[in-house]
Every structure is written in C-alpha cells, then in structure tokens.
2 protein chains.
Amino acid sequence: MPPYDPSTFPPFAVTVDLVVLTVRRHALCALVVRRGETPFQGRWALPGGFVRMDEDLGSAAARELVEETGLSAHDPAKPAVGNGAHLEQLATYGDPARDPRMRVVSVAHLALAPDLPAPRAGGDANSARWAPVEDLLHPGAGREGEQAAALAFDHARILADGVERARSKIEYSSLATAFCPPEFTVGELRRVYEAVWGVVLDPRNFHRKVTGTPGFLVPSGGTTTRQGGRPAQLFRAGAATVLNPPMLRPEV
Amino acid sequence: MPPYDPSTFPPFAVTVDLVVLTVRRHALCALVVRRGETPFQGRWALPGGFVRMDEDLGSAAARELVEETGLSAHDPAKPAVGNGAHLEQLATYGDPARDPRMRVVSVAHLALAPDLPAPRAGGDANSARWAPVEDLLHPGAGREGEQAAALAFDHARILADGVERARSKIEYSSLATAFCPPEFTVGELRRVYEAVWGVVLDPRNFHRKVTGTPGFLVPSGGTTTRQGGRPAQLFRAGAATVLNPPMLRPEV
DNA sequence: CCAAAAGTGTTGTATATACACCCATGA
DNA sequence: TCATGGGTGTATATACAACACTTTTGG
C-alpha cells in the first residue's frame, strides 16, 4: 500500500454496521447496543465499527459479529448457511450528514442467527440486547414505559432495509434455516416463517411444501417431542439454496 | 463538517462505479470506457469516479451517469422508472488489493437505459463504447480479432453482479420497461426479456401475461408497424413496480 | 381419556404451457 | 398473393388453498 496522500482524493471514514436478526419468543428481534459516546450517547444503535486499513469489508463485518455475539460466520463473499450465522452485504449508506462528526460511509451487513443465549457487550457499548424489530421500527407504539427511543444515526432506515431483505429472501431461498439450530423440526421452521412474516401458515400445507422440495431439508434420523404432541422428525438444512417454486407469502 | 483529523480513523478513497446496461441488436450490452491512465492503461473499464466530499452516493452515481451518457436519472433513493434511466445501488467492493495505488472502496450502481445513439466519452477516458456483456464476461471466447481483454480492476466481477441483478429483477418487477423507449410494443418488450435472459419466449403467452397484469402496461392509443407485420398497439410503463405473479424465466 | 402437535388424503380453483388459429399490414 | 409479426381461444398439466382425518406422544 503506497503512503497516503490526501491531496489526491477526499478522505472518508468507512465503517461496517450489522443488522443481526434472530427469532425469539415468536418475534423477529434485532441486536442493538447502547452507545457510550457522543453523539447519540445513551441511545440504542446497531453494532458496528471502523474498517481497518488491511481488511476486506466482509472480514470487518465477520469480525464485528464475533466481537458482539461470539458467532462465527462464513465468508460473506460466498453466502452460505450452516453452523455459524449467515452473513451477507446489505447496502451502503453515505449521506454527507449521517454522522455529525465526519464524512462516514457505512457498509451495512445482514446476519441471521439462531436463538442465542445472551448477547455480550463489546467495544464501546455499555450494554447489548435483543429487541423486537416492531418496537425498534415503530417506537412509541408499544406498551408504555418501554425503552422505545428511535435508533441512533440512520440506523432505523438500515434496520428496515435489512428486515425487508430477510422477509423477501426467505421466500425464494432456504435462508430461513439460518434462524434454526443445526437440527430442527418442520414445525420449528414454520414458526420462523410465521414470526418473520407476521402471519399464520397452514401446518399441513407447509409440511408438504418444505418436505416436497428436493434438497431443502434432509432428515437427520432422530425425533423430538420438545414442542409437545406427537414426536416430530428432525431435519438439517439441505444443499439447496434456492427454492423453486418459492414459499408463498400470504397477502396482508 | 468538522475539520478532517486523520488520527481518528483510517482514510479511504470512495468511488462510484457504474454498470450501465442496454439492449442493442438483440444483445445485452454494457457501457465501458477505455482507461487513459495507469494502472490498466488502455484497458476497458466501467465508468466511475470519486465521490465528492459534500455529495451523496446516489448523487455521485447520477452525476457520473450524466457525464458519461447524457442520461438523467431519478433519485436512486427511490428507485423509479420513467423517461430517464433507472438507477439503483448494486453493491460495494472494498478488497484491500483491488486498486494498487491506494485503499479504495467502490460503491457500484446499476443503471438500465433504452438503446442510445452513441456513447460520449467523458472524464479521463479516451473513448467509450457499448460492448455485449457476453464478450466482456467471457473474453477470448468470441470471434477472433475482437477486443476481448479482461476488464480492469475487479470490474468483471462487478459487471457480473450487475447483470445477475438485472436478470433476476426483471422477473418480479416492471424494470424491463427501463430498457424500452417511452412508447413501445409488447413484442419489443418481449425481445428485451429474450435478450437479457438469452431465451426465446412464446409470443402469445407473453402477450397475455403482460397485458393481463394490472398496472404493468397502459395503452397509449397509437399503433406502429416499425417491426413489420400487423400493426401493434403502443404502450407506456404503468404505475405498477412489482409483478405478481412474476414473469417466469424458462429453465436453462 | 384428553389435549396438542405431527403428518396424510382429497378436492376445487387458479395459473402456466403448448399450440391451433385468425388478423392486419407491407412488398 | 405471400411473408411477417400481432393477437385470441382452448385443452392439458401443475400447484396451491382449504379442510377432513389419522397418528403418537405427555399429562
């Protein structure tokens, strides 16, 4: 890398911000951290940080994800689903006024994770928590006394874009399995769709659909009764990444 | 904007690169410019340039598009189709080694344009031309004696991502009309799909499909025989931006 | 036994495909 | 008249929605 010569180009700060989604208690939740520094001190924000000088964008996002959640991720250059979290680039935000301190371009990434124990705070954040995306996107509309202030910076917009991406992508890909543990039942997968889309699906038709799509699910052999009722077969995510025909999202 | 203090963050150069696609002579083509400077001097590259210090990313892309093609574009914050070109953010590329001179993060944008007269060279490019994407993505596989050297930097990858985005997006949106002039026939729209996907579609079923989707096409009243044969109705793009049910891309 | 969740079968309706067929123009 | 592209009708296959029904556990 040749030495930096600021006369040749305008200098920007480049950061990565993370939209980390999971399904908890039948609701789609996002990871937010409390800001310890000005601006927006004390407000909730998406986790993120500066990209280092010798680091690829996807590597920076994977590093932040580990720091915040302990989750490992696949190389985001090749989107994949498996034991770790799914990680992919979302979009880039560069409004000149989005950070009052300096000119920052943020490359947002989207991560999908199974239900995790407890978030661990990292970096300059005082604390971290999982918050239902409904509360974050529509602050004030929830129950009284809740922490419902708007997210810092333009993070509400970034979160909305990430949620929209996840909602549309589980329609035609096997990405919903990224919200599940390594082994899961058809019913658990259906509850993921229901939580992400905010709908109820017919259990019988859903079962036929997902088990009838070749390569989507592979039986792992075991069964479980952890949801009660009749024992359910356990599955792992199959090799198929694209669903054809897609899952149909019911009309609103 | 507070004064720049390089001690607080690593300084990056931020550029926009453009994947400008059009349909010419029944082939999907991209706009490329010949590089006048080192590195990759004399090689073909995607048009692009530095983002200015007070400029939004979408504004920078729209400015480059005007400089290179004379096309105006809608605010890419709100993707829209109409008289000007369609412009939307594609993805961001930030490999530390992608530019040998310095650390550059490039925010690539995708533009779709109707068939244009002749590209006009701008900036530091010696010349500009429309090239079939097949020739650019598979250099050496074409006819002998062609200019078929690989694109500069990581632009082949960016172009491939842009083409893939266009191919999948015309499936479920009305974006294909961005490749057409303001008034067009159903047959002309079908030839767009055929060129972008590299397939042949049944004219009768295609006609029923697009005219039967409410809001996709609105008749302009006139007719034309510019394709020969029986006069065809002229249409404009309607208000619908999402196609439900989608156009089905035939298996390969 | 009952409740709860898993899984199967059946049927009406919608949509896609394939293709026969007719229409309106230029040469 | 013929060639060319535009446009309509119709049969067959496929896929989905709805829902009755059976299976297998825990309490």
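In the text below, chain A, chain B and the rest are named by the order of the sequence lines, each starting its count at 1.
When the nucleotides D/dG7, C/dG7, C/dT15 are ranked by their closest atom to the side chain of B/P245, C/dT15 comes out on top. Of the listed nucleotides (D/dC19, C/dA6, C/dC19), D/dC19 has the atom at the smallest distance from the side chain of A/D202. With D/dG7, C/dC19, C/dA16 as the choices, the nucleotide that has an atom nearest any side-chain atom of B/L248 turns out to be C/dA16. Among C/dC19, D/dT25, C/dA16, the nucleotide with an atom closest to any side-chain atom of B/R204 is C/dC19. Side-chain proximity of A/H207 to the nucleotides C/dA16, C/dA6, C/dG7 is greatest for C/dG7.
Nucleotide D/dT24 holds its C1' atom 13 Å from the CD atom of A/Q233, rounded to whole Å. Across the protein-nucleic acid pair, A/F206 atom CZ and C/dT8 atom C1' stand 17 Å apart, rounded to whole Å. Atom CG of B/L201 is separated from atom P of C/dC19 by 15 Å (rounded to the nearest Å). Between the CG atom of A/L234 and the P atom of D/dT25 there is a distance of 14 Å, rounded to whole Å. One atom, CG of A/N244, and another, C1' of D/dT14, lie 13 Å apart when rounded to the nearest Å. For A/E188 and C/dA5, the CD to P distance is 12 Å, given to the nearest whole Å. Rounded to whole Å, atom C1' of C/dT15 lies 11 Å from atom CG of B/N205. We find that CG of A/L217 is positioned 11 Å from P of C/dG7, with the value rounded to whole Å.
The two residues A/T177 and A/S174 have their closest heavy-atom pair at OG1-O, 2.7 Å.
A side chain to side chain donor-acceptor pair (under 3.5 Å) with A/S220 holds for exactly one of A/R236, A/Q233, A/E183; it is A/E183. When the options B/L46, B/V133, B/L112 are evaluated for a side-chain contact (heavy atoms from CB on, under 4.5 Å) with B/V19, the one that passes is B/L46.
Of the charged side-chain nitrogens involved, none lies within less than 4.0 Å of a carboxylate oxygen, so that B/R165 and B/D161 do not count as a salt-bridged pair.
Residue side chain A/R230 does not reach the base of C/dA5 through any donor-acceptor N/O pair under 3.5 Å, judged by distance alone. Between the side chain of B/R226 and the base of D/dG5 there is no donor-acceptor pair of N/O atoms closer than 3.5 Å.
The residue among B/R208 and B/Q227 whose nearest nucleotide of DNA chain D lies closer to the 5′ end is B/Q227.
Of the possible polar contacts, one joining the B/T22 side chain to the B/A113 backbone as a donor-acceptor pair under 3.5 Å is found.
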